[in-house]
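Input: a single structure, listed below in structure tokens.
Proteins come first, then strands; the chains are lettered A, B, ... in the order of their sequence lines, and each starts at number 1.
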There are 2 protein chains.
Amino acid sequence: MKTVNRMHRALVVEDQNLMRLALMDQISTAFENTAVLGAQTLEIALYELAKENFDLVIIDPGLPGFDPTSQDDRLSVVHRIIEASPAALHVVITGSDNMTEAEQFRGLGAVAYLGKTGLEPGMLGDVLDDISTSGFSIRLSKVTMTVPDYFHSALTPREQEVITLMARREPGMSRTQIYEQVAGKLGIDRDSAEKYFKKARAKIMKSDHKLPVGI
Amino acid sequence: MKTVNRMHRALVVEDQNLMRLALMDQISTAFENTAVLGAQTLEIALYELAKENFDLVIIDPGLPGFDPTSQDDRLSVVHRIIEASPAALHVVITGSDNMTEAEQFRGLGAVAYLGKTGLEPGMLGDVLDDISTSGFSIRLSKVTMTVPDYFHSALTPREQEVITLMARREPGMSRTQIYEQVAGKLGIDRDSAEKYFKKARAKIMKSDHKLPVGI
DNA sequence: CCAAATAGGGACAGCTCCATCCCTTTTTTT
DNA sequence: AAAAAAAGGGATGGAGCTGTCCCTATTTGG
């Protein structure tokens with residue numbers, strides 16, 4: 001909680017544009033009144049770190065200009081960023097994660113090591129909780145999905161949320177019970193949850209004539 | 001254009017959750033009335049492909065359960081998905097892209113091969129244009145960023161857009177000219193663009209006291 | 001059979017964002 | 001000095017999303 005209140009400036013160092021923007025969006029959504037910068041290269045990152053102070057820096061060590069198979073290169077990227085921003089919290093995110101590397105980055109001063117596979121939206125709060133509790137957060141990649149994701153472009157955000165929650169419910173409950181549960185999770189009325197679900201399903205049926213799994 | 005109008009059902013096969021959701025969001029935003037499914041594993045993907053028809057399938061061949069260093073494994077993933085959905089357009093997206101692999105996937109029937117680095121939001125339209133023009137679209141990874149991304153959680157979407165466009169303007173233009181240009185790109189009035197910019201800058205100054213590069 | 005659950009709607013207030021038009025004051029340019 | 005640019009506002013209408021409450025049929029389960 002202390003950490004959360006002090007999060008006023010963050011930097012994401014990641015070369016893949018969509019991933020960088022997704023991470024920036026995660027931070028931007030998680031904290032109010034926070035500026036989030038994004039750098040595609042180490043040069044841009046170091047330039048920004050030299051100019052201003054940051055509270056949080058997220059690093060993917062596989063950057064352009066470095067050998068992705070060289071462990072020295074990966075360590076060097078993280079080391080230089082940590083040196084350039086000693087006051088910040090440093091979170092390493094990678095697609096090819098393993099325990100050995102986690103320990104190496106921890107040795108350099110990183111406070112978290114996260115595998116990209118299985119990294120959920122909204123994970124940032126949990127990770128920061130880990131950090132303030134135990135000083136370090138590690139989440140290695142793992143496969144958890146059993147049911148496909150489902151988006152539909154005709155749905156409003158609320159409708160989309162309700163559909164997603166409904167699709168992931170445990171089987172064997174009545175609709176009424178599920179509405180109650182979904183309403184609880186979203187902090188709205190049972191009636192409203194039911195309404196959003198019915199509206200969403202009607203839209204999907206109209207355009208697609210096929211409902212997603214679990215609906 | 002033909003392709004675009006027929007896009008009613010799409011599938012994204014990608015194990016990294018944030019990337020999969022970002023790609024799904026891209027499709028969802030690009031097409032109206034489109035259902036977009038997401039699969040983390042080949043099993044889920046093949047199950048969905050067996051159940052229903054899809055118009056577009058996006059594939060990251062580096063999936064859980066396969067050896068990321070084995071070219072045979074990567075080819076096998078794409079091959080099995082294409083076999084399971086012969087009527088769809090197949091787009092391969094990968095972090096470790098090269099020309100040789102692009103040709104291999106093209107041989108299997110893929111219509112596009114995209115490197116994750118440098119893959120911009122909004123790229124989908126361009127890629128589909130390439131495909132309907134020349135039958136194949138290839139975009140290898142490249143670094144293009146010179147100025148960092150900048151998000152601020154206090155900004156509305158419109159304000160954020162205007163700030164992003166302002167930050168990427170060519171230098172040497174007067175504010176008035178830039179407002180005109182931004183207004184053109186967003187399809188709004190010069191006055192409105194100016195208003196959004198001033199409002200955004202005021203919010204940033206209030207919370208941060210530091211403006212992003214180029215503002 | 002009766003009660004609950006389900007499908008499928010309408011009406012409404014509150015809110016935020018979008019977009020436009022308007023205003024004053026200060027600074028810069030010509 | 002006059003004109004243009006820039007900073008910093010206010011007022012307003014429209015649109016879409018949110019959330020609540022309400023309604024009528026039809027189906028299902030005990």
Just N and O in the side chain of A:Thr156: are any of them under 4.0 Å from OP1 or OP2 of D:dT18? yes
Rounded off to whole Å, could you give me the NZ-to-C1' distance for the A:Lys199 and D:dT18 pair? 13 Å
Separation of C:dT6 C1' from A:Met166 CE (nearest whole Å): 11 Å
Side-chain atoms of B:Arg158 come closest, of C:dC18, D:dG19, C:dT20, to C:dC18
For A:Asp191 and for A:Pro157, locate the closest nucleotide of DNA chain D by heavy-atom distance; then report the residue assigned to the nucleotide nearer the 5' terminus. A:Pro157
How many Å lie between NZ on B:Lys206 and C1' on D:dG9, as a whole number? 14 Å
Is a donor on one side and an acceptor on the other found under 3.5 Å between the side chain of B:His90 and the backbone of B:Ser85? yes
Contact nearer the 5' end of DNA chain D, comparing B:Glu194 with A:Glu159: B:Glu194
Quick one: is C:dT6 close enough that its OP1 or OP2 comes under 4.0 Å of any side-chain N or O from A:Thr176? yes
Distance check needed: D:dG19 C1' versus A:Lys185 NZ, whole Å only. 20 Å
For D:dA7, does either OP1 or OP2 sit under 4.0 Å from a side-chain N or O belonging to B:Arg175? yes
Between A:Tyr179 and B:Ile188, whichever has its closest DNA chain C nucleotide further toward 5' is A:Tyr179
For the pair B:Asp15 (side chain) and A:Thr117 (backbone), establish whether a donor and an acceptor sit closer than 3.5 Å, ignoring hydrogens and angles. no
Measure from the side-chain heavy atoms of A:Tyr196 and tell me the nearest of D:dT18, C:dA7, C:dG9. D:dT18
Report the distance from atom CD of B:Gln160 to atom P of C:dC17, rounded to the nearest whole Å. 13 Å
Base D:dG8 to side chain B:Lys195, donor-acceptor N/O within 3.5 Å cut-off: no
Taken to the nearest whole Å, NZ/B:Lys198 to P/C:dT24 is 15 Å
Any heavy-atom pair between the side chains of A:Tyr196 and A:Thr156 that's under 4.5 Å? no
Rounded to whole angstrom units, what separation is found between the CG atom of B:Leu155 and the P atom of C:dT16? 16 Å
Any side-chain heavy-atom pair of B:Thr29 and B:Leu124 under 4.5 Å: no
Side chain proximity check, A:Leu211 to A:Met205, heavy atoms < 4.5 angstrom: yes
Can you figure out which of C:dG8, D:dG8, C:dC21 approaches the side chain of B:Arg201 most closely? D:dG8
When rounded to whole Å, the CZ to C1' distance for the pair A:Arg190 and D:dC22 reads 13 Å
